[in-house]
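Every value quoted in this text rests on a predicted model; they were computed, and no experiment measured them. When a ligand or atom number is given, it counts from 1 through the structure's own listing order.
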Amino acid sequence: LKDEKVKVTFNLYDGRKIEAEGKVGDTLLDVVVNNDLDIDGYGACEGTVTCSTCHVVFKQEDFDRLAEEAGDEERDMLDLAYGLTDTSRLGCQVTLTKELDGLEVKVPESVNDARS
Ligand code: FES
């Protein structure tokens with residue numbers, strides 16, 4: 001099932017670049033967790049949409065080909081995210097599709113854990 005793999009590069013706010021692989025159907029949070037990626041504080045609420053630490057910023061063209069738009073819950077939480085942009089999403093709510101292979105996202109510094 002090699003063709004179901006999706007490559008993702010995370011460009012961190014501190015200048016590090018982390019390449020990882022996920023599967024179609026994984027969320028970006030799954031990719032971070034399954035690969036044990038060292039991204040400080042990422043995904044603090046484990047995908048229950050009560051933090052904003054999984055905030056990622058897409059390039060416009062990638063943002064436009066995401067399978068689903070942000071739901072209400074996600075949008076409310078994004079409003080609290082530090083450094084919100086027009087192409088921001090919560091990584092735990094973004095599902096990988098084949099079209100997204102080679103995706104690059106920016107991971108802004110997550111100073112706002114909405115739970116604290
Ligand atoms: Fe908390 Fe995505 S992991 S909102």
Sequence-distant partners of Asp14, salt bridge (Lys or Arg N to Asp or Glu O under 4.0 Å), two or more places apart: Arg16

Distance criterion under 2.8 Å: protein N/O/S atoms around atom 2 (Fe) of ligand 1: 2

Listed partners of Lys23 passing salt bridge (Lys or Arg N to Asp or Glu O under 4.0 Å), at least two apart: Asp26

Contacts of type salt bridge (Lys or Arg N to Asp or Glu O under 4.0 Å), residue Glu104, not counting sequence neighbours: Lys17

Gap between atom CD of Glu4 and atom OG1 of Thr97 - 0.5 Å precision: 12.0 Å

Sub-4.5 Å side-chain heavy-atom contact between Val49 and Gln93: yes

Test side chain to side chain contact (heavy atoms under 4.5 Å, CB included) applied to Phe10 and Val105, Asn35, Leu103, the passing residue: Val105

